[in-house]
Amino acid sequence: MSSAISTDPATMVIFGGSGDLSKRKLVPALFELHREKQLPPTTAIVGYARTGESDETYRAEMKAALAEFARKKPVEEAEWTSFASRLFFFRGDLTIPKNFTDLKARLGAIEKERGLPGNRLFYLAIPPSSIGVVVKNLGQAGFVYRVDGPWSRVIVEKPFGRDLQTARALNEELSQVFAERQIFRIDHYLGKETTQNILVLRLGNGIFEPLWNRRYVDHVQITVAESIGVENRGKFYEEAGVLRDIIQNHVLQLLCLVAMEPPVAFDPDAVRDEKVKVLRSIQPQSGEEILRDSVRGQYGPGAVDGKTVVGYRAEKDVNPMSLRETYAAWKVQIENWRWAGVPFYLRAGKRLQKRVTEIAIQFKTPPIALFRQVGVLRQEPNALVLRIQPDEGIALKFGAKVPGPVTKIDPVTMDFRYSEFFGASQPEAYERLLMDAIHGDSTLFARRDEVEAAWEHVTPLLDVWRDNPPLDHPNYEAGTWGPDASVALLARDGRRWRRP
Ligand SMILES: NC(=O)c1ccc[n+]([C@@H]2O[C@H](COP(=O)([O-])OP(=O)(O)OC[C@H]3O[C@@H](n4cnc5c(N)ncnc54)[C@H](OP(=O)(O)O)[C@@H]3O)[C@@H](O)[C@H]2O)c1
């Protein structure tokens, strides 16, 4: 990965430079990189959108965004002024080829003035339906070099397709213009410090990896729970649902990092080769197995953090009879030598009791219950919990003797918290990922085969769910841990979900 690599000065063009993602994540991340002097002084950032007047109005808009979304506040005026001098605006439509030839001229002028060598990073922060046309226009306007010299790269946001067929089509469109090494499919979960720490924990330490297999692990739980509802994204959610929005990308990425074999080297292809192998080892499921091993849910009204909230069907831009899932749980089996027989239980949902993303490795119990003789009938299994967000850290749960004359065993926890050890403000995922893309390091980005392999498992689920519409939606109250059927999914195997 990138830490020791020097940074080429480059021009970054953000298509969708006026949008929510740019204001909330991209510009704040770039500002932080600027503040930490990680960007060469000449690097330029050009926002591309239809609405906007000039560099000055764009800068004012981004200044307001930073006041709200900068990681470290307040934003000092001197820091803002130096950052603002990097920011430019280009008014254009994504669908008009002439706008791209004009953009080329404008970039040429900016690069000449700033002494930039012509390296270009295109960020597609635009509606997914526009990706194809932008890629085509970039190609036709001669923006993409495939030979040595200045580099050109493209970052593509999620959602990456809505099923296997559309993901393949999108990959095809991209590959008509860009070579695979120039394409950076972003999954911001991979930029999170705690996600990156999964491999460090496993492979940078001697004590965990020997236990990391079917001999010692009983099962794994991966949870991505949100307490918020769909907010103002009802329209998007009606199209997507939690399976596409969270499980296909973030959850399967976490699964890959937990389950993969040690790569032969810490480089982009070696790491991604191992992740793809995990996806290929997931046991395909028949329609019947899918219905048995997956659970869908949709929230009804309820209370979150003491506040009454409406059900999904009453959210803005949502069909009052909607069948869209806001919760999904799925039991996955990885059929390889390391994991055969160890179920991975995945779950994600909105309007759950609290916001938490965690991976829990639950270990097998000791082979004999020695302390039964002195009255300890049941012991909590050991668990290693990797907390991805919030309250990032790692906890190891084990049994300890309660002081006193009788033998009583209680679960205790050894807890490592990032904030206590490394300070409260961790870099945002986008900071890391933008730097990696500028460095040309794609380790933390999804490769084409990886994305398609993930869709190969998720698409049958979508199809089976579509052909078997749920009869019980809404089936969980907002502010709870999801539908009863999800509890039953684990209870059937004699297990239960953790209460994070
Ligand atoms: N927002 C997030 O937190 C988030 C998180 C993860 C992924 N994403 C992904 O990031 C992408 C952007 O999301 P967003 O939330 O930022 O969307 P958004 O707020 O709707 O912004 C869309 C941007 O695209 C521009 N645009 C749309 N059509 C255009 C056209 N024909 N010509 C020129 N510009 C056009 C818009 O500018 P004008 O209307 O001014 O032209 C605007 O800047 C999507 O793929 C989304 O799925 C977003």
Side-chain angles (χ1 to χ4, degrees), residues 12-30 45-54 57-58 60-62 64-65 68-69 71 87-100 102-103 106 122-138 141 154-162 166-167 170 173-174 183-192 224 226 228-242 244-251 253 317 348 350 355 357 389 428-431 433-434 437 445-446 451:
M12 179 167 163
V13 180
I14 309 179
F15 291 102
S18 63
D20 182 68
L21 183 70
S22 297
K23 288 180 183 158
R24 207 183 272 273
K25 296 289 180 191
L26 304 183
V27 171
L30 289 163
I45 301 157
V46 181
Y48 183 113
R50 289 165 303 191
T51 46
E53 294 301 320
S54 61
T57 57
Y58 187 63
E61 225 184 307
M62 294 307 121
E68 201 175 342
F69 300 117
R71 173 154 67 90
L87 278 182
F88 301 89
F89 179 70
F90 184 89
R91 188 168 57 226
D93 192 297
L94 302 171
T95 59
I96 301 176
K98 163 88 169 60
N99 290 167
F100 284 70
D102 292 345
L103 173 71
R106 178 85 200 279
F122 303 105
Y123 201 118
L124 308 189
I126 51 175
S129 54
S130 305
I131 296 175
V133 69
V134 172
V135 168
K136 191 161 149 243
N137 285 336
L138 283 171
V154 63
I155 302 185
V156 187
E157 262 295 340
K158 73 164 213 182
F160 199 88
R162 46 176 294 107
T166 49
L170 183 51
E173 281 176 322
L174 282 161
I183 304 169
F184 290 70
R185 299 172 191 82
I186 205 162
D187 183 327
H188 75 273
Y189 260 58
L190 293 178
K192 287 179 186 289
V224 178
E226 294 178 281
I228 55 169
V230 292
E231 305 200 295
N232 52 9
R233 298 173 76 215
K235 194 159 164 254
F236 161 78
Y237 218 78
E238 279 287 88
E239 288 289 312
V242 75
R244 289 191 178 94
D245 191 34
I246 304 286
I247 297 209
Q248 185 275 334
N249 37 58
H250 306 325
V251 175
Q253 285 291 342
D317 299 329
K350 285 204 171 283
R355 171 177 173 251
T357 297
Q389 69 179 16
E428 275 279 328
Y430 279 95
E431 293 169 32
L433 295 173
L434 283 168
F445 294 82
V451 169

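These figures come from a predicted structure and were not determined experimentally. Order of listing sets the numbers, starting from 1, for every ligand and every atom in it.
Those atoms of ligand 1 with a heavy atom of P159 less than 4.0 angstrom away are 47 (O). For ligand 1, the atoms sitting less than 4.0 Å from at least one non-hydrogen atom of G19 are 16 (O), 19 (O), 21 (O), 42 (C), 43 (O), numbered in the order shown with element in parentheses. The contact set between ligand 1 and L94, taken as ligand atoms under 4.0 Å from a residue heavy atom, comprises 28 (N), 29 (C), 30 (C), 31 (N), 32 (N), 33 (C), 34 (N), 35 (C).
The single protein non-hydrogen atom nearest to atom 44 (C) of ligand 1 is I126 O, 3.2 Å, given as residue, atom name and distance. For atom 43 (O) of ligand 1, the closest non-hydrogen atom on the protein side is S18 OG, 2.7 Å. Closest to atom 5 (C) of ligand 1, if we only count protein heavy atoms, is L21 CD1, 3.8 Å. From the protein, the heavy atom lying nearest to atom 6 (C) of ligand 1 is E157 OE1, 3.7 Å. Annotation: atom 1 (N) of ligand 1 to nearest protein heavy atom, D20 OD2, 2.7 Å.
Between V224 and the options V251, I247, D245, a side chain to side chain contact (heavy atoms under 4.5 Å, CB included) holds for only V251. None of I155, V154, V135 except one satisfies the side chain to side chain contact (heavy atoms under 4.5 Å, CB included) rule with I183; the exception is V154. For the side chain to side chain contact (heavy atoms under 4.5 Å, CB included) with F160, the lone residue among I131, T166, V451 that qualifies is V451.
For P127, the heavy-atom gap to ligand 1 drops under 4.0 angstrom. Within the structure, ligand 1 has G92 among the residues with a heavy atom less than 4.0 angstrom away.
Taking the six-membered ring wherever Trp is involved, the centroid distance between the rings of F122 and Y48 does not fall below 6.0 Å.
The distance criterion of under 3.5 Å between nitrogen or oxygen atoms is met by G16 with respect to ligand 1. Looking at T51 next to ligand 1, an N or O pair under 3.5 Å apart turns up. For ligand 1, none of its N or O atoms has an N or O atom of F236 under 3.5 Å away. Checked by distance only, ligand 1 and D93 come closer than 3.5 Å through their nitrogen or oxygen atoms. Considering backbone and side-chain atoms together, A49 places no N or O closer than 3.5 Å to any N or O of ligand 1.
Side-chain contact between Y189 and N249: absent, with no pair of heavy atoms (C-beta onward) separated by less than 4.5 Å.
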List the steps, then state whether side-chain hydrogen bond (donor to acceptor under 3.5 Å, both in side chains) holds for K158 with H250. CA-CA 10 Å; K158 73 164 213 182; H250 306 325; 3.2 Å; yes
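There is a protein heavy atom closer than 4.0 angstrom to atom 34 (N) of ligand 1.
Counting heavy atoms only, A125 comes closest to atom 12 (C) of ligand 1 of the residues P128, A125, S129, G52. The closest non-hydrogen atom to atom 9 (C) of ligand 1, taken over K158, K25, R50, comes from K158.
The existence of a salt bridge linking E68 and R24 is excluded, since no basic side-chain nitrogen approaches an acidic carboxylate oxygen closer than 4.0 Å. A salt bridge links K23 with E61; the closest basic N to acidic carboxylate O contact falls under 4.0 Å. Ion pairing between K98 and D102 holds under the 4.0 Å rule for side-chain N and carboxylate O.
Scanning both residues, T57 and G52, for their nearest heavy atoms gives OG1-C, 4.4 Å. Counting all heavy atoms, side chain and backbone alike, L21 lies closest to Y430 at CD1-OH, 3.6 Å.
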